[in-house]
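These values consider heavy atoms only, across backbone and side chains, with no hydrogens, waters or symmetry-generated copies.
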Amino acid sequence: MEPMPSIPLGGEPVPADGSLPPGALDGAAGRPLGFYLHVPFCASRCGYCDFNTYVAEELRGPEGAGVNRENFTDLLIEEIRLARKVLGDDPRPVETVFLGGGTPTLLPVRDPGRLLEALRQEFGLAPDAEATIEANPESVDPARLAALREAGFTRISFGMQSAREHVLRILDRRHRPGRPEECVAEARAAGFDHISLDLIHGTPGESDDDWRASLEAAIGAGPDHLSAYSLIVEEGTALARRVRRGEIPSIDDDVHADRYLIAEETLSAAGFSWYEVSNWATSPAGRCRHNELYWTGGDWWGAGPGAHGHVGGVRWWNARHPGAYARALTEGRSPGAGREVLTAAERRVERVLLELRMVEGCPLEVLEPAGRAAAERYLGDGLLREDAFAAGRAALTLRGRLLADAVARDLVD
């Protein structure tokens with residue numbers, strides 16, 4: 001998965017027409033515009049997942065009545081049209097699209113292309129627009145991949161997670177070992193130049209050798225992008241319940257740190273360079289531009305149940321349940337459930353927290369005096385790069401990446 005920044009819920013109501021506060025579009029011409037489109041359907045629920053997703057039986061009750069894979073794309077198109085009304089005469093074309101979930105490749109084969117066409121009609125797509133779709137390995141075949149490429153998708157991200165069967169079993173993943181590598185080959189044959197694999201480290205029962213084997217299998221498949229996330233046992237998930245009952249052990253931070261170092265060593269040796277704490281690419285062209293838009297304060301409209309959007313310091317989130325989301329749109333209302341209007345100070349803090357995670361780091365000039373003093377301490381401790389500091393930026397060393405969250409907190413205090 002390609003994660004969006006975590007956003008606390010609460011805030012103020014979203015107007016029924018979805019309109020933005022005055023000034024939200026000031027300076028918009030200098031910011032990129034992207035769209036995140038959330039598809040909430042999954043064939044089965046993975047034990048570790050706390051994303052806003054639903055299997056078919058969860059949508060058969062009164063709340064989910066009328067929402068299914070066959071008609072869901074029409075709802076997303078309706079929200080794209082709402083976005084056009086809200087953004088008014090904003091002339092920016094869409095530069096990045098990310099169709100995520102859930103499992104977007106469970107939609108009818110033509111529907112992902114219909115979404116790109118709706119964006120093209122309402123906003124226009126930039127000539128070099130990046131259009132990414134997520135897929136589970138068991139949800140695609142060569143024909144579907146060819147259809148996605150023909151529809152205009154330029155990038156695809158497969159959820160691999162591990163190459164070891166016993167690890168996949170703990171995670172409740174349905175694909176067999178080796179299938180993600182086959183998917184990469186099939187996507188290449190379909191014409192995709194940019195292909196990503198997602199890996200997870202720290203699953204209970206996974207050894208260092210298991211993790212190395214997963215990295216080697218992913219590298220051997222030949223993608224130009226890899227994401228490696230540490231497993232977080234989220235409350236309310238099946239995995240959390242199994243850990244609490246003592247059926248499987250928890251993983252401590254030292255194990256995650258060791259696995260991260262193994263990832264950096266292995267990926268660097270294979271020609272991958274990190275550009276965000278959990279993401280590596282073989283070249284600048286392989287980087288995920290849509291996620292970079294999140295990390296650098298761009299504008300994006302989040303469409304779909306529970307999706308988050310951000311324009312000019314205003315961020316909002318949609319109703320989580322597909323039934324509530326559908327009702328709002330069919331009644332001519334915005335599906336927005338709440339929003340926050342960030343102050344200048346809040347935007348500065350968010351900038352530091354996000355940009356520090358990137359290889360370029362964040363400008364020292366945006367730090368308050370206490371944050372600048374903390375940065376100087378971390379420079380002396382070897383957590384920030386000397387060359388970047390001399391050039392006016394706070395950028396993490398490898399050791400700093402292991403402590404990224406703690407460093408970021410101190411820089412914004």
(message) Which residue in the set Trp316, Phe98, Tyr36, Phe123 passes ring-ring contact (aromatic ring centres under 6.0 Å, His included) when paired with Trp301?
(response) Trp316
(request) Specify the closest pair of heavy atoms between Ser334 and Leu82, including all atoms of both residues, with the distance to one decimal. (result) CA-CD2, 3.9 Å
(request) Report the C-alpha separation of Arg287 and Glu130 in whole Å, then their side-chain angles, then the decisive distance to 0.1 Å, and conclude whether the salt bridge (charged side-chain N to carboxylate O under 4.0 Å, His left out) test is met. (result) CA-CA 10 Å; Arg287 292 163 66 151; Glu130 173 193 86; over 6 Å; no
(request) Compute whether any side-chain donor of one residue and acceptor of the other, for Glu292 and Thr296, lie under 3.5 angstrom apart. (result) no
(message) Strictly distance-based, threshold 3.5 Å: is any side-chain N or O of Asp224 a donor or acceptor partner for the main-chain N or O of Ile195?
(response) yes
(request) For residues Leu396 and Arg385, report the shortest heavy-atom separation together with the two atoms involved. (result) O-CD, 3.6 Å
(message) Rounded to the nearest 0.5 Å, what separates atom CG in Leu148 from atom CD1 in Ile133?
(response) 4.5 Å
(message) side-chain contact (heavy atoms from CB on, under 4.5 Å) for His256 and Leu402? Distances and angles first, verdict last.
(response) CA-CA 9 Å; His256 283 305; Leu402 297 175; over 6 Å; no
(request) Check whether any side-chain heavy atom of Glu12 lies under 4.5 Å from a side-chain heavy atom of Val341, and answer yes or no. (result) yes
(request) Starting from the C-alpha separation in whole Å, work towards a yes-or-no answer on side-chain contact (heavy atoms from CB on, under 4.5 Å) for Thr154 and Asp193. (result) CA-CA 7 Å; Thr154 64; Asp193 292 327; over 6 Å; no
(request) Measure the CH2-CZ distance between Trp211 and Arg259 for me, rounded to the nearest 0.5 Å. (result) 8.5 Å
(request) Could you verify whether a donor N or O on one side chain and an acceptor N or O on the other, from His308 and Tyr294, lie under 3.5 Å apart? (result) no
(request) Output, in order, the C-alpha distance, side-chain angles, deciding distance and verdict of salt bridge (charged side-chain N to carboxylate O under 4.0 Å, His left out) for Glu122 and Lys85. (result) CA-CA 9 Å; Glu122 297 294 338; Lys85 293 175 184 175; over 6 Å; no
(request) Taking only Lys NZ, Arg NE, NH1 and NH2, and the carboxylate oxygens of Asp or Glu, determine whether Glu95 and Arg31 approach each other closer than 4.0 Å. (result) no
(message) I'd like to know if the side chain of Asn68 reaches the main chain of Asn71, judged simply by a donor and an acceptor atom lying under 3.5 Å from each other, with no hydrogens or angles considered.
(response) yes
(request) Check Ser19 against Arg339 and note the closest heavy-atom contact, atom names and distance. (result) O-NH1, 2.8 Å
(message) Nearest 0.5 Å, please: how far is CG in Leu231 from OG1 in Thr203?
(response) 5.0 Å
(request) Take Glu117 and Arg114 through the test salt bridge (charged side-chain N to carboxylate O under 4.0 Å, His left out) and record every step on the way to the result. (result) CA-CA 5 Å; Glu117 183 57 31; Arg114 290 178 58 209; over 6 Å; no
(message) Looking at Gly88, is its backbone amide N or carbonyl O close enough to the side chain of Arg84 to form a donor-acceptor pair, meaning the two atoms are under 3.5 Å apart?
(response) yes
(request) Answer yes or no: are there more than 12 heavy-atom neighbours, outside Asp253 itself, under 6.0 Å from its atom CG? (result) no
(request) Would you check if Leu76 and Asp111 make a side-chain contact, meaning some heavy-atom pair closer than 4.5 Å? (result) no
(request) Go through the side-chain N and O atoms of Asn136 and Arg173 and say whether any donor and acceptor fall under 3.5 Å apart. (result) yes
(request) Inspect the surroundings of CD in Glu165 and state if more than 12 heavy atoms from other residues, nucleotides or ligands are less than 6.0 Å away. (result) no
(message) I need the single residue from Phe192, Tyr275, Phe272, Trp274 that forms a ring-ring contact (aromatic ring centres under 6.0 Å, His included) with His225. Which is it?
(response) Tyr275
(message) For Ile219 and Leu226: C-alpha separation, side-chain torsions, deciding distance, then whether side-chain contact (heavy atoms from CB on, under 4.5 Å) applies.
(response) CA-CA 8 Å; Ile219 291 166; Leu226 282 170; 4.1 Å; yes
(message) Quick check against the 3.5 Å criterion: does Arg144 have a side-chain atom that pairs as donor or acceptor with the backbone of Thr105?
(response) yes
(request) Without swapping roles, check the side chain of Arg149 against the backbone of Ala190 for a donor-acceptor pair under 3.5 Å. (result) no
(request) Taking Gln161 for its side chain and Leu168 for its backbone only, find out whether a donor-acceptor pair lies under 3.5 Å. (result) no
(message) For the backbone of Gly222 and the side chain of Arg188, can you confirm whether one donor and one acceptor N or O come within less than 3.5 Å of each other?
(response) yes
(message) For the residue pair Ser278 / Ser227, report whether a side-chain donor-acceptor contact shorter than 3.5 Å exists.
(response) no
(request) Return yes if some donor-acceptor pair links the side-chain N/O of Thr266 with the main-chain N/O of Ala263 below 3.5 Å, else return no. (result) no
(message) For a side-chain contact (heavy atoms from CB on, under 4.5 Å) check, start with the C-alpha distance between Val314 and Leu342, then their side-chain angles and the critical distance, and finish with the verdict.
(response) CA-CA 6 Å; Val314 181; Leu342 301 178; over 6 Å; no
(message) Counting the benzene-type ring for Trp, do Tyr260 and Trp280 have ring centres under 6.0 Å apart?
(response) yes
(request) Starting at CZ of Arg351, measure out to CG of Leu356 and round the result to the nearest 0.5 Å. (result) 12.0 Å
(request) Working to the nearest 0.5 Å, report the span between CG of Leu33 and CG of Leu25. (result) 9.5 Å
(request) Identify whether the distance between the nearest side-chain nitrogen and carboxylate oxygen of Arg348 and Glu368 falls below 4.0 Å. (result) yes
(message) Between Val97 and Leu125, is there a side-chain heavy-atom distance shorter than 4.5 Å?
(response) yes
(request) Give me the ring orientation class for Tyr325 and Phe72: parallel if the planes are under 30° apart, tilted from 30 to 60°, perpendicular past 60°. (result) tilted
(message) Just so I know, are the side chains of Pro305 and Arg320 near enough to count as touching, which here means a heavy-atom distance under 4.5 Å?
(response) no
(request) Say whether, by atom type as modelled, one donor and one acceptor occur between the side chain of Arg393 and the main chain of Glu360 under 3.5 angstrom. (result) yes
(message) Once rounded to the nearest 0.5 Å, what's the spacing between atom CD of Glu138 and atom SG of Cys183?
(response) 8.5 Å
(request) Answer yes if the side chains of His38 and Asn318 hold a donor-acceptor pair under 3.5 Å, and no otherwise. (result) no
(request) Return yes if some donor-acceptor pair links the side-chain N/O of His175 with the main-chain N/O of Met160 below 3.5 Å, else return no. (result) yes
(message) Other residues, nucleotides and ligands only: do more than 12 of their heavy atoms fall within 6.0 Å of CD on Glu346?
(response) yes
(request) State, with a plain yes or no, whether a side-chain heavy atom of His201 is found less than 4.5 Å away from one of Ser214. (result) no
(request) Give a yes or no on whether Arg110 atom CZ has more than 12 heavy-atom contacts from other residues, nucleotides or ligands under 6.0 Å away. (result) no
(request) Decide, yes or no, whether a salt bridge links Asp405 with Arg357 under the criterion of side-chain N to carboxylate O below 4.0 Å. (result) yes
(request) Answer yes when Arg347 and Glu350 have at least one side-chain N-carboxylate O distance shorter than 4.0 Å, and no when they do not. (result) no
(request) Locate the shortest heavy-atom distance separating Pro363 from Glu355; write the atom from each residue and the value. (result) CD-OE1, 3.5 Å
(request) Find out whether Glu340 and Trp317 are in side-chain contact, i.e. whether some heavy atom of one side chain is under 4.5 Å from a heavy atom of the other. (result) yes
(message) Does any part of the side chain of Glu264, heavy atoms only, come nearer than 4.5 Å to the side chain of Arg401, both counted from C-beta?
(response) yes
(message) Just so I know, are the side chains of Leu87 and Leu20 near enough to count as touching, which here means a heavy-atom distance under 4.5 Å?
(response) yes
